[in-house]
Amino acid sequence: MSMHGAGWAGMRSARRDRSLLEHRIKPGTFRRILRFGRHYRNLMTLFLVVVIVDAVISSVSPLLLRAIIDVGIYRHRSGLIVGLAGATAGLAVFDAGLQMVERRVSAVIGEGLIYDLRAAVFDHVQTMPIAFFSRTQTGALISRLNNDVIGAQQAFTDLFSNVVGNVILVVIVLSVMFVLSWQITLVALVLVPLYLLPWRRVGRRLGTLFQRGMELNAEMNTVMSERFNVAGAMLVKLFGRPGEERLLFERRAGEVRDIGVRQATYQRFFFVALSLTASLATAFAYGFGGVAAVHGVLAVGTVVAMTVYLGRLYGPLTQLSSLNIDFMSAMVSFERVFEVLDLEPMIAERDGARAIPPGPARLVVDHVDFAYPGASEVSLASLEAVARLDDTARTPVLFDVSFVVEPGTMTALVGPSGAGKTTLSMLVSRLYDVGAGSIAINGVDLRDATFASLNATVGVVTQDAHLFHDTLRANLLFARPDATEAEMRAALAAAQIGELVDGLPLGLDTVVGERGYRLSGGEKQRVAIARLLLKSPRLVVLDEATAHLDAESEAAVQRALDATMAERTSLVIAHRLSTIRGADQILVVDGGRVVERGTHAELHARGGLYFDLYETQFATQGA
């Protein structure tokens, strides 16, 4: 283990925030880490054996060098010189092989641990309710999957190798040095504080600098990510602000540059201190040892061996001196990963859940009350934009809502913005659970239904349908991976977009771009409808699917919707009331309550809120 390599390891520890040492680890965290790594116990055993053997070999080679000089050269024993040189070369080759094995085993353990942690976090996050994603910063969540997981893995493997390997190496080296020359050994130990004291002081400063550097890098990356996506780039161009954006980015990048210079300066001070200490110890060893060799007290080979041992002493001592910081870093990284894994999902499949019975879907909403969950129920402070969760009281959104959607019929929800229409659609697809009352499909309460049967029964198209940055084919197969080419083309034809797709140079293999931006709004909606048709749900929920389209696109999408809803039960949230005049039932929602219900003719004749909304909308359109 070289002093240079140990220096880099020391720098990594110096980068840790000093506040790590004041952090209180939750009880049981270490035992949980060991349980998480139990699959690698055999590899860990092999890894530790290799580390121990490597440490022993590293401490033997200077003795061979000593023997070559004192026994071989001074006694003119050529054969012994060749034999010892061969043994030294053999040990070097063997040690190189050991290091390859150590690196391979360490990589298998480390990458395996990264995989296990990432898979566990990703799988768990997938179970989170939609409220979790509406509050969580995407970047903070991704950081848990990247930075914290990798930090945990690095500290996990490095901690084992550093503790075991360095302890053994220091013990052996000091023992041999005391035997060879206790005087030089004592001076070497006296010089250690001259290096460790400035290192600790510089380390604390570096901890602050690197923490600030990470924050500045995050701010710079945020500027880039927000300006490099389609919506951000379009906004910059539409408002003609490329110059201002360039200055903003240059300011952020300049701050990163400046703190990088300061970090490099402190790093160089660290290496200068390390090199100076080693040089002073080496100078003393040659000076004292050289004089002792002249007077016959020490052999020349012993002096040379002592200088080699000095180079192998300071590095391990440095790493062991930062052991507490490395340990706390590992614990904190694991804690942050476990923090996500321990967040219980609000929406979970109950034990003994049953499938929704087959046949046309009948939806029953029975005396439903609902309030959106508070932050502490669905999120973590460390994953939100601020470092604490707000304590805003839960505000009721729906009050005693009841209605029935009979099989094969269409029920429309209309009303002012914020009345609770979209909330009802999310409850029907069980993105949230009701606070009181129940919602059932074919006699099964959604809270008692299996996720698989619920997802197969209910299909949703929103006003801003999401498409992945992939091909049309991949976006369609997301609904049903086993769909054939003919089935996909039939769905596209039914969604009134088949001819357009056939006319594209790459057809189904056309990449739609980020969020489908290469398609128009109407085209994107029709692709989403085709995806829904491939899924073939029995209950269709449409959340203002034509709200922001032009007349031509709306007409095309409406034709596609008519094909989608034929012979299916449908729940439609409508902004444009002209699209739902043929609904079997219209529910007028206001203030979280159903205030009117009936057909278009009945409600219009009644002269209530529906009449006002309808007349106002058509008066506006007429104007």
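For Arg246, the salt bridge (Lys or Arg N to Asp or Glu O under 4.0 Å) partners two or more places apart in sequence, or in a different chain, are Glu250. Shown here are the side-chain hydrogen bond (donor to acceptor under 3.5 Å, both in side chains) partners of Ser59, two or more places apart in sequence or in another chain: there are none. Every residue was checked against the side-chain hydrogen bond (donor to acceptor under 3.5 Å, both in side chains) condition with Arg103, not counting sequence neighbours, and none meets it. Legend: residues meeting side-chain hydrogen bond (donor to acceptor under 3.5 Å, both in side chains) with Ser61, ordered by chain and number and at least two apart, are Arg312. Applying the ring-ring contact (aromatic ring centres under 6.0 Å, His included) test to His466 and every residue at least two apart in sequence or in another chain returns Phe468. Every residue two or more places apart in sequence or in another chain that forms a ring-ring contact (aromatic ring centres under 6.0 Å, His included) with Phe284 is listed here: Phe288. With sequence neighbours excluded, no residue satisfies salt bridge (Lys or Arg N to Asp or Glu O under 4.0 Å) with Arg251. For Asp509, the salt bridge (Lys or Arg N to Asp or Glu O under 4.0 Å) test picks out Arg473, with sequence neighbours left out. In this structure, the side-chain hydrogen bond (donor to acceptor under 3.5 Å, both in side chains) partners of Asp116, at least two apart in sequence or on a different chain, are Tyr40. Remark: Glu349 pairs with no residue by the salt bridge (Lys or Arg N to Asp or Glu O under 4.0 Å) rule, at least two apart or across chains.
Between the side chain of His469 and the backbone N or O of Val512 there is no donor-acceptor pair closer than 3.5 Å. Checking side-chain atoms of His295 against main-chain N and O of Val291 turns up a donor-acceptor pair under 3.5 Å. In this structure, Asp70 contributes its side chain and Gly301 its backbone to a donor-acceptor pair below 3.5 Å.
No more than 12 heavy atoms of other residues, nucleotides or ligands sit less than 6.0 Å from atom CZ of Arg104. Environment of CZ in Phe451: crowded, with over 12 heavy atoms of neighbouring residues, nucleotides or ligands closer than 6.0 Å.
Ala305 approaches Pro62 most closely through the heavy-atom pair CB-O, 3.7 Å. Of all the heavy atoms in Ala85 and Ile68, the pair that sits closest is N-CD1, 3.9 Å.
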List the atom pairs, donor and acceptor, that lie under 3.5 Å between side-chain atoms in residues 169-179 and the rest of the protein, sequence neighbours left out.
{"unit_1": "Ser175", "atom_1": "OG", "unit_2": "Val171", "atom_2": "O", "d": "2.6"}

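The stretch residues 78-95 participates, sequence neighbours left out, in these side-chain hydrogen bond (donor to acceptor under 3.5 Å, both in side chains) pairs: Asp95-Gln99.
Looking at Met306 and Leu298, their side chains never come closer than 4.5 Å, going by heavy atoms from C-beta outward. Residues Arg262 and Thr265 have side chains not in contact (no heavy-atom distance under 4.5 Å, counting atoms from C-beta outward). A 4.5 Å side-chain heavy-atom check between Leu43 and Phe47 finds every atom pair outside the cut-off. With a 4.5 Å cut-off on side-chain heavy atoms, Thr471 and Thr510 do not count as touching. The closest side-chain heavy-atom distance from Leu46 to Asn42 is not below 4.5 Å. By the 4.5 Å heavy-atom criterion applied to side chains, Leu91 and Leu64 are counted as neighbours. Contact check for Glu244 versus Leu247: no side-chain heavy atoms found under the 4.5 Å cut-off. A heavy-atom distance below 4.5 Å is not found between the side chains of Val50 and Val105.
Taking CD1 of Ile184 as the start and OG1 of Thr307 as the end, the distance is 9.0 Å to the nearest 0.5 Å. Rounded to the nearest 0.5 angstrom, Leu431 CG and Met346 CE are separated by 12.5 Å. One finds the OG1 atom of Thr302 at 3.5 Å from the CZ atom of Arg66 (value rounded to the nearest 0.5 Å). The distance from atom CG of Asp54 to atom CD1 of Ile168, rounded to the nearest 0.5 Å, is 10.5 Å.
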